[in-house]
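Single-structure report; data block below.
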Amino acid sequence: NADAKRTIAMNAARMIADGDSLMLDTGTTTSILARELLRKRNLTVVTNSSDIARTLATVNGNRVYMAGGELNGDNGAAFGASAVQFVSTFRVRHAFISIAAISAEAGPSDDYLAEAEFARMVLSCGERRYLLSDASKFGRRALIRVCSFGEINVLITDQAPPASIASVLQDAGVTIEIAQRA
């Protein structure tokens, strides 16, 4: 779903202004978002993703803080108690997470405990909390619940969610942004 993720990332990047502070968890959509943010200047970025850190560090006056912890060889991200503790000390304007699945019953969920714990902490550190999810994740369930719908301000996606998910999001006060190609 590379095209959908790119469209979502382009729309998410529009939420960010020069000089903003933001936190991103690891994922393909958030990595694409990091590349879209190369057009911005003087960002303060907190992440556990080595890919995101490498993309945004030392360019455009950005400051990048990377969480340490056990490095996951599959995605190049740091996880564990030390990573969660590190990011818990920051307060950022925008917090972005991606997930493996989203259903009306289970909410946003992931298959890996460490990723879910980290994403949960990311959300708690942001003034504005965004969930980035392409439509392939709708109606699916993963093993670990990441958060309730009420912990998200905005869902940015490529297609309108099914009625059951849209209803739960609306009840929780979540804004649904359908990403449009530029």
Side-chain angles (χ1 to χ4, degrees), residues 1-16 20 22-37 45-49 51-52 55-56 72 74-77 79 87 92-182:
N1 297 316
D3 287 340
K5 292 177 180 191
R6 195 170 301 106
T7 301
I8 291 166
M10 289 179 350
N11 281 254
R14 292 183 191 132
M15 309 290 181
I16 305 302
D20 263 345
L22 59 147
M23 194 175 289
L24 301 108
D25 73 349
T26 190
T28 53
T29 308
T30 50
S31 286
I32 296 167
L33 173 55
R35 284 157 183 74
E36 291 297 321
L37 293 173
V45 179
V46 182
T47 188
N48 68 327
S49 166
D51 179 60
I52 291 169
T55 299
L56 294 173
N72 180 308
D74 290 338
N75 61 17
F79 292 105
V87 299
V92 294
R93 184 151 184 245
H94 305 279
F96 293 92
I97 67 164
S98 57
I99 43 89
I102 183 171
S103 71
E105 304 78 25
S109 55
D110 209 308
D111 290 314
Y112 301 100
L113 179 61
E115 289 188 29
E117 289 172 339
F118 191 85
R120 199 173 297 124
M121 181 55 69
V122 167
L123 288 176
S124 75
C125 296
E127 290 175 29
R128 297 282 299 158
R129 299 170 310 273
Y130 304 85
L131 173 61
L132 308 178
S133 178
D134 66 82
S136 73
K137 313 284 176 69
F138 294 149
R140 294 177 51 196
R141 288 184 191 209
L143 183 61
I144 299 132
R145 184 176 187 200
V146 172
C147 63
S148 70
F149 288 113
E151 295 172 85
I152 301 162
N153 299 117
V154 181
L155 166 66
I156 304 176
T157 185
D158 60 314
Q159 296 177 29
S164 60
I165 295 173
S167 175
V168 175
L169 289 165
Q170 183 178 9
D171 290 348
V174 178
T175 301
I176 301 170
E177 297 278 342
I178 309 301
Q180 302 295 318
R181 289 191 156 269

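As the structure is a prediction and not an experimental result, all values here were calculated from the model.
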Supply the atom-to-atom distance Arg141 CZ to Glu105 CD, rounded to the nearest 0.5 angstrom. 4.5 Å

Looking at Asp51 and Arg35, is there a salt bridge between them, counting it only when a charged N and a carboxylate O are closer than 4.0 Å? yes

Do side-chain atoms of Ser31 reach the backbone of Thr28 as a donor and acceptor pair under 3.5 angstrom? no

What's the spacing between Glu36 CD and Thr29 OG1 if we round to 0.5 Å? 12.0 Å

Under a 4.5 Å cut-off applied to non-hydrogen side-chain atoms, are Phe96 and Ile16 in contact? yes

Donor-acceptor contact present, side-chain Arg120 to main-chain Arg145, <3.5 Å: yes

For side-chain contact (heavy atoms from CB on, under 4.5 Å), just list the numbers for Val146 and Asp110, CA-CA rounded to whole Å, side-chain angles, deciding distance to a tenth of an Å, and then say yes or no. CA-CA 7 Å; Val146 172; Asp110 209 308; 4.0 Å; yes

Do side-chain atoms of Gln180 reach the backbone of Ile178 as a donor and acceptor pair under 3.5 angstrom? yes

Would you name the heavy atoms of Pro108 and Phe149 that are closest together and state the gap between them? CD-CE2, 3.8 Å

I'd like to know if the side chain of Ser49 reaches the main chain of Thr26, judged simply by a donor and an acceptor atom lying under 3.5 Å from each other, with no hydrogens or angles considered. no

Side chain proximity check, Leu22 to Leu37, heavy atoms < 4.5 angstrom: yes

Whether Asp25 side chain and Ser98 backbone form a donor-acceptor pair below 3.5 Å: yes

Give a yes-or-no answer on whether the side chains of Ser167 and Gln170 include a donor-acceptor pair shorter than 3.5 Å. no

Output for pair (Glu127 CD, His94 NE2), nearest 0.5 Å, gives 8.0 Å

Closest non-hydrogen atoms of Gly126 and Ala95, given as atom of the first, atom of the second and distance, are CA-CB, 3.8 Å

Rounded to the nearest 0.5 Å, what's the gap from OH on Tyr130 to CD on Glu177? Could you check? 8.5 Å

Just how far is it from atom CD1 of Ile102 to atom CD1 of Ile152, taken to the nearest 0.5 Å? 6.0 Å

Step-by-step side-chain contact (heavy atoms from CB on, under 4.5 Å) determination, Asn48 to Val87: CA-CA 9 Å; Asn48 68 327; Val87 299; 5.8 Å; no

Please check: side-chain N/O of Asp158 versus main-chain N/O of Ala135, any donor-acceptor pairing under 3.5 Å? yes

Just by modelled atom types, is the Thr157 backbone N or O under 3.5 Å from a matching donor or acceptor in the Ser133 side chain? no

Nearest atoms (heavy-atom pairs only) where Ala101 meets Ala142: CB-N, 3.6 Å

Closest contact, heavy atoms only, Ala119 versus Ile97: O-CG2, 3.7 Å

Indicate the ring-plane relationship of Phe79 and Phe118, choosing parallel, tilted or perpendicular according to the 30° and 60° boundaries. perpendicular

Can you see which heavy atom on Ala179 is nearest to which on Ile156, and at what distance? CB-CG2, 4.4 Å

Does the Arg129 side chain pair with the main chain of Glu151, one donor and one acceptor, at a distance under 3.5 Å? yes

How many angstroms lie between atom CG of Leu123 and atom SG of Cys147, to the nearest 0.5 angstrom? 5.0 Å

Taking every heavy atom of Ser109 against every heavy atom of Ile99, the minimum-distance pair comes out as O-CB, 3.6 Å

